[in-house]
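The residues of the chain are indexed from 1 along the displayed sequence.
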Amino acid sequence: MKVIICGAGQVGWQIARHLSGEANDVTVIDSNPDLVRRAMDTLDVQGIAGFASYPDILDKAGARDADMVIAATHSDEVNMVICQVAHSIFSVPRKIARLRSQSYLTAIYSDLYRRDHLPIDVVISPEKEVAEAALRRLSAPSAFDIETFMDGKAQVLGIRIDADCPVINTPLRQLTDLFSTLKVIVIGIRRDGRLFAPEAADQIFVNDECYLCIAREDVPRTLEVFGKSSAKQERVVLIGGGNVGLTVAKALEKNETRIRAKVIERNRKTAEFAADSLERTIVLNGDGLDSALLAEANIDRADAVLCVTDDDKTNLLAAVRAKSEGCPMAIALINDPTLIPLMGPMGIDAYINPRATTVSSILRHIRHGRVKGVYSIGDAEAEIIEAEVLSTSPIAGQAIRDIDFPEGVLIGALMKNGTVIKPRGATRVEEGDVIVLFAMADDVREVERLLQVSIDFF
């Protein structure tokens, strides 16, 4: 597949890393020559320095025979123009644009993206993705990572194993026998910094980070089995009232669990705008690192603090300060993945990575086969893929034990006729079933092959 990625920032570089590692023909365009040089030096991609909205630059990048254009520059308007030029002049079949402004995302204006108007096939909103990720984090406060699959009927939770976990040193095979009615599979374990797909004989040790694929109704009991609390969050303090903070606050106001939120924003104009935009949320103007202001926000009575300013280091410090003032749970917005290892020593409970959520959204529309969802784990180390099984897929009609999956691939859940079941070796995968797979990065191409329509179909 030939793909042109416009914008070599964090999101563009990560998408280029995913696609180039899978033997796709990738060209990266950016107006900053240093970013283009970095992409060419670190990835197997071609690079062009220039303005991606210019027809001659897109032509030079090979737009005439490109299969897809991904517009991920920092400007909404530039991303829109890129898609228009790619469609009108070069007839690129698929166009994906990242748009930040909420005005462009309002449902009543959705006709804007029709092919005869502004031809964008997929619109990705980082702020919306982050808001949804924040709500998921709050729904399972004891998890450091969480993603929903199968129309909300299954979840993947990332949990750290503490010394008081009841199932420490228990082989996974024995765990399955002990809790046979629980629809849960341990699909990934990170140990001493290395992520791997476990085998039945593997055990769980203290300080492991485990990824569990769970049927939604079994989440509370599963957390209990692993020694975690499933208490809900009712009072939340948001530090940062900019684009992300405001989107999260609005989502919290609309959430059916009626979470009560307060926002702390340092910039006065931004704080006033947030206050005018929100109906039930109290907005305080001031520094989120100020102990007196945190006390005014009743941080010691809050169930959680969400630090979502546009500065990673501020988010980390604000999370630490809030916990020192009595808040039991802190979640920080972190763009730089190299800062994530600091979370444990600093006592921060969970993080949200806007880049990872945006990359996951884009990958969902790139993957071959009938893919419904993709979630990227860690620094592009693995993916969790939800897909429908097609009649001509190589895995259709086979028992799971007979499918030749690579070692780094595990099925975490299987849905038949709308019902989530726990996959076992004898379970037969049929046409129309929906599966959730954990796949190490090196095995994603093979997973795609197993999910695709075979050549006999044509």
Side-chain angles (χ1 to χ4, degrees), residues 136 139-140 142-143 145-159 161 165-167 170-189 196-204 208-228 230 371-375 377 382-389 393 395-440 443 447 450-451:
R136 290 194 295 269
S139 69
S142 55
D145 205 354
I146 179 171
E147 183 64 27
T148 301
F149 295 93
M150 295 177 167
D151 299 324
K153 294 180 180 179
Q155 287 186 338
V156 171
L157 299 184
I159 61 171
I161 303 301
C165 175
V167 294
T170 305
L172 298 183
R173 182 185 293 109
Q174 186 178 339
L175 199 60
T176 299
D177 295 336
L178 286 171
F179 305 99
S180 58
T181 60
L182 271 185
K183 289 180 267 188
V184 56
I185 298 286
V186 180
I187 55 174
I189 297 177
F196 63 93
E199 298 180 357
D202 284 323
Q203 301 177 34
I204 295 174
D208 280 355
E209 294 182 355
C210 293
Y211 288 88
L212 315 175
C213 189
I214 317 167
R216 184 65 178 265
E217 65 271 16
D218 286 341
V219 168
R221 189 168 165 232
T222 298
L223 289 173
E224 185 180 313
V225 166
F226 283 84
K228 298 293 183 179
S230 57
V371 172
K372 294 173 172 287
V374 174
Y375 187 62
I377 291 181
E383 289 181 19
I384 300 172
I385 301 172
E386 176 190 352
E388 180 181 339
V389 178
S393 165
I395 67 175
Q398 291 197 58
I400 290 176
R401 67 163 64 95
D402 298 328
I403 300 174
D404 189 21
F405 283 126
E407 287 185 6
V409 177
L410 282 176
I411 293 184
L414 192 146
M415 186 166 68
K416 289 181 177 288
N417 302 317
T419 301
V420 178
I421 65 173
K422 183 176 182 176
R424 301 180 186 274
T427 305
R428 195 166 295 278
V429 179
E430 305 288 355
E431 175 191 358
D433 289 352
V434 177
I435 57 175
V436 173
L437 291 155
F438 173 92
M440 297 300 295
D443 298 317
V447 168
L450 293 171
L451 294 175

(message) Less than 4.5 Å apart, side chain to side chain, heavy atoms only: is that true for Q155 and T148?
(response) yes
(message) Taking side-chain hydrogen bond (donor to acceptor under 3.5 Å, both in side chains) as the definition, give me every residue that meets it alongside T181, ordered by chain and number, with sequence neighbours left out.
(response) R221
(message) As an exercise, state the distance from SG of C213 to CG of L410, rounded to the nearest 0.5 Å.
(response) 10.5 Å
(request) For the residue pair I435 and L451, establish whether any side-chain heavy-atom pair is separated by less than 4.5 Å. (result) yes
(request) Check whether any side-chain heavy atom of I204 lies under 4.5 Å from a side-chain heavy atom of C165, and answer yes or no. (result) no
Using a 3.5 Å cut-off and no angle test, enumerate the donor-acceptor pairs between side-chain atoms of residues 412-426 and protein atoms at least two apart in sequence or in another chain.
unit_1	atom_1	unit_2	atom_2	d
K416	NZ	R428	O	2.8
K416	NZ	D433	OD2	2.5
K422	NZ	L182	O	3.3
R424	NH2	S180	O	3.2

(message) Could you report the tightest heavy-atom contact between A201 and P171, atom names first, then the distance?
(response) O-CB, 4.1 Å
(message) Consider side-chain contact (heavy atoms from CB on, under 4.5 Å). Of V447, I411, I403, which one does I395 pass it with?
(response) I403
(request) Can you measure from OG (S393) to CD (Q398) and round to the nearest 0.5 angstrom? (result) 8.5 Å
(message) Can you pull out every salt bridge (Lys or Arg N to Asp or Glu O under 4.0 Å) where at least one residue sits in residues 172-187? Sequence neighbours excluded, please.
(response) K183-E217
(request) Answer yes or no: is there a side-chain heavy-atom contact under 4.5 Å between I214 and L223? (result) no
(message) Less than 4.5 Å apart, side chain to side chain, heavy atoms only: is that true for L450 and F405?
(response) yes
(request) Give a yes or no on whether D402 atom CG has more than 12 heavy-atom contacts from other residues, nucleotides or ligands under 6.0 Å away. (result) yes
(request) Name all residues meeting the salt bridge (charged side-chain N to carboxylate O under 4.0 Å, His left out) criterion together with E386; count only those two or more places apart in sequence or in a different chain, and write none if there are none. (result) none
(request) Tell me, please, which residues at least two apart from F226 pass ring pair (Phe, Tyr, Trp, His ring centres under 6.0 Å). (result) none
(request) Please round to the nearest 0.5 Å and tell me the distance separating atom CZ of F438 and atom CZ of F196. (result) 9.5 Å
(message) Are the side chains of F179 and V225 in contact, using a 4.5 Å heavy-atom criterion?
(response) yes
(message) I need the I159 CD1 to I146 CD1 distance, nearest 0.5 Å.
(response) 11.5 Å
(request) Measure the shortest side-chain to side-chain distance between I187 and V436 over non-hydrogen atoms and say whether it is less than 4.5 angstrom. (result) no
(request) First locate atom CD1 of I377, then atom CD of E383, and finally report the distance between them rounded to the nearest 0.5 Å. (result) 9.0 Å
(request) Report the residues that fulfil salt bridge (charged side-chain N to carboxylate O under 4.0 Å, His left out) with D218, sequence neighbours left out, ordered by chain and then residue number. (result) none
(request) Search all heavy atoms of S142 against all heavy atoms of K228 and return the closest pair with its distance. (result) OG-CB, 3.5 Å
(message) How long is the straight-line distance from NZ of K372 back to CD1 of I385, given to the nearest 0.5 Å?
(response) 14.5 Å
